[in-house]
Amino acid sequence: MLALLAAAFLGYALLLWQGPWWLDGDRLRRRDLQPADGVVITGFRTTLVALGAGAVAGAGLFYTDRTLRHTRDRDREQAQIARDGQVTAHYVEAIKLLASERTVERLGGIYALERIMRDSAKDHLTVVEVLAAFVRDQVSVVPGTESAPAELLDESVQAALTVLGRRPPVEEPFRIDLRRTDLRGADLQDARLERVRLAGARLEGANLIGAHLEKAWLRETQLGGVWLDRAHLEGAHLRGADLRGASLKETHLKGTRLFNADLSTAVGLTPDQLGEAVHDVETKLPPAVESTLRATS
């Protein structure tokens, strides 16, 4: 690089010295210069100096721009490293709070994880899996306790469900796993739980009004008395689900699989809704709906 600069400097100096004669040597004298010769030589050298100054200024600007870009990139990298370190520290602290026996500390951990999920897109999937695992750990359905009376849903579990239901709309390569969880009485109104896995879960009396459960897996899920008004169940799987006493007013059932499901005492279900769903002879329907379907078949 230095050799190139030295060669360029020498070439420029030589051009400045001999350039006028190289350009117009036939008419310029080398001895006994006349005023006209001086005008041509001075004009050439003045132009060449101006061009050289412009080139130096341009090179200076280019170098300054590269330096600033490099500095900005380095500062950005350092800021990202510092931000990642802060996120990691906050994540570790949130996990510690999540494991606390005190409800208020668990709530703090849950909302700290929500903040991390919103501030750091690359941690979104991790936070979703952690919150789902927390729910499964806290309220898993224990075999043999199916007849036990419902208990008030723990506040921290409700908070985790709320955060999962309002998480940012990011493409997720997995289904949220809430299988065999006891979510009786949960408030999941307008929750975004597309493709969620709730097979074998207990949701009796839960509020799912306006919830998004498209393509959800609800095989053999207990949905007795659940509020599903205006909920989206397009493409959901409800084979063997218990929907007795469930409210299905304006529920979206296009492509919903209701094989062997029990809707015998469901409220608000219409023949038009059922016409969009997929069911079989083992599906138990409300008597009024069943009689209407028979009359029109």
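Values reported hereafter were calculated over all heavy atoms of this structure, with side chains retained and with hydrogens, waters and symmetry mates removed.
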A.B. asks: Once rounded to the nearest 0.5 Å, what's the spacing between atom OG1 of Thr256 and atom NZ of Lys215?
C.D. replies: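 Atom-to-atom, Thr256:OG1 and Lys215:NZ are 12.0 Å apart.
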
A.B. asks: Starting from the C-alpha separation in whole Å, work towards a yes-or-no answer on side chain to side chain contact (heavy atoms under 4.5 Å, CB included) for Glu204 and Leu223.
C.D. replies: CA-CA 5 Å; Glu204 295 99 318; Leu223 295 163; over 6 Å; no

A.B. asks: State plainly whether one hydrophobic cluster holds both Trp217 and Leu258, where clusters connect Ile, Leu, Val, Met, Phe, Trp and Tyr through side-chain heavy atoms under 4.5 angstrom apart.
C.D. replies: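 Per the 4.5 Å side-chain linkage, Trp217 and Leu258 are not co-clustered.
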
A.B. asks: Using 0.5 Å steps for rounding, measure from the CG atom of Leu213 to the CZ atom of Arg192.
C.D. replies: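 That separation rounds to 11.5 Å.
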
A.B. asks: Can Asp182 and Arg202 be counted as an ion pair, charged N to O under 4.0 angstrom?
C.D. replies: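 So Asp182 does not pair with Arg202 through a salt bridge.
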
A.B. asks: What about Trp227 and Leu233, same hydrophobic cluster or not, with Ile/Leu/Val/Met/Phe/Trp/Tyr joined at side-chain heavy-atom distances under 4.5 Å?
C.D. replies: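 No, because Trp227 and Leu233 fall into different hydrophobic clusters, even though each may have its own neighbours under 4.5 Å.
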
A.B. asks: Quick one, Thr64 with Thr67, criterion side chain to side chain contact (heavy atoms under 4.5 Å, CB included). Give me CA distance, side-chain angles, the key distance, then yes/no.
C.D. replies: CA-CA 5 Å; Thr64 301; Thr67 301; 5.6 Å; no

A.B. asks: Output yes when a side-chain donor or acceptor of Arg197 lies under 3.5 Å from a complementary backbone atom of Arg195, and no otherwise.
C.D. replies: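 No, because the side chain of Arg197 does not come within donor-acceptor range (under 3.5 Å) of the backbone of Arg195.
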
A.B. asks: Evaluate the criterion side chain to side chain contact (heavy atoms under 4.5 Å, CB included) for residue pair Arg184 and Leu153; output intermediate values, then yes/no.
C.D. replies: CA-CA 7 Å; Arg184 285 177 286 180; Leu153 191 64; over 6 Å; no

A.B. asks: Testing Val163, Leu164, Ile116 one by one against Val127 for a side-chain contact (heavy atoms from CB on, under 4.5 Å), which residue passes?
C.D. replies: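 Running side-chain contact (heavy atoms from CB on, under 4.5 Å) over Val163, Leu164, Ile116 with Val127 returns exactly one hit, Ile116.
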
A.B. asks: Between the side chains of His232 and Glu194, is a donor N or O closer than 3.5 angstrom to an acceptor N or O?
C.D. replies: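 No, Glu194 and His232 have no side-chain donor paired with an acceptor closer than 3.5 Å.
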
A.B. asks: Salt bridge between Arg166 and Glu114, side-chain N to carboxylate O under 4.0 Å?
C.D. replies: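 Salt bridge between Arg166 and Glu114, a charged N being under 4.0 Å from a carboxylate O: yes.
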
A.B. asks: Indicate, with yes or no, if Leu125 and Val135 share a hydrophobic cluster defined by side-chain heavy-atom contacts under 4.5 Å among Ile, Leu, Val, Met, Phe, Trp and Tyr.
C.D. replies: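 Yes, because Val135 and Leu125 connect within a single hydrophobic cluster, where side-chain heavy atoms sit under 4.5 Å apart.
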
A.B. asks: Can you tell me how far the CG atom of Leu98 sits from the CD atom of Glu93, to the nearest 0.5 Å?
C.D. replies: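 Going from the CG atom of Leu98 to the CD atom of Glu93 covers 11.5 Å.
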
A.B. asks: Using the rule given for salt bridge (charged side-chain N to carboxylate O under 4.0 Å, His left out), can you reason through Asp262 versus Arg244, listing the C-alpha separation, both sets of side-chain angles and the distance that settles it, and then say yes or no?
C.D. replies: CA-CA 6 Å; Asp262 190 346; Arg244 287 176 295 178; 3.6 Å; yes

A.B. asks: Does the pair Val278 and Phe259 meet the rule for a side chain to side chain contact (heavy atoms under 4.5 Å, CB included), with working shown?
C.D. replies: CA-CA 7 Å; Val278 183; Phe259 303 124; 3.4 Å; yes

A.B. asks: Can you spot which of Leu253, Leu269, Leu208 makes a side-chain contact (heavy atoms from CB on, under 4.5 Å) with Leu228?
C.D. replies: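 So, applying the side-chain contact (heavy atoms from CB on, under 4.5 Å) to Leu228 and each of Leu253, Leu269, Leu208, only Leu208 qualifies.
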
A.B. asks: Using a 4.5 Å cut-off on heavy atoms from C-beta on, say whether the side chain of Glu155 contacts that of Leu107.
C.D. replies: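 Yes, side chains in contact.
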
A.B. asks: Starting from Leu248, can I reach Ile209 by hopping between I/L/V/M/F/W/Y residues whose side chains sit under 4.5 Å apart?
C.D. replies: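 No, Ile209 does not connect to Leu248 through the hydrophobic network.
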
A.B. asks: Are Glu129 and Thr126 linked by a side-chain donor-acceptor pair shorter than 3.5 Å?
C.D. replies: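 The answer is no; no qualifying pair exists.
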
A.B. asks: What's the spacing between Glu220 CD and Arg179 CZ if we round to 0.5 Å?
C.D. replies: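 So the gap between those two atoms works out to 13.0 Å.
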
A.B. asks: According to a 4.5 Å side-chain heavy-atom criterion applied to Ile, Leu, Val, Met, Phe, Trp and Tyr, with indirect links allowed, do Val157 and Leu97 form part of one hydrophobic cluster?
C.D. replies: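 Not linked; separate clusters.
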
A.B. asks: Looking at Glu172, I'd like to know if its CD atom is crowded, meaning that more than 12 non-hydrogen atoms belonging to other residues, nucleotides or ligands lie closer than 6.0 Å.
C.D. replies: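 Yes, CD of Glu172 has more than 12 neighbouring heavy atoms, counting only those of other groups under 6.0 Å.
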
A.B. asks: Are Lys96 and Glu105 within salt-bridge range, i.e. N to O under 4.0 Å?
C.D. replies: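 No, this pair does not count.
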
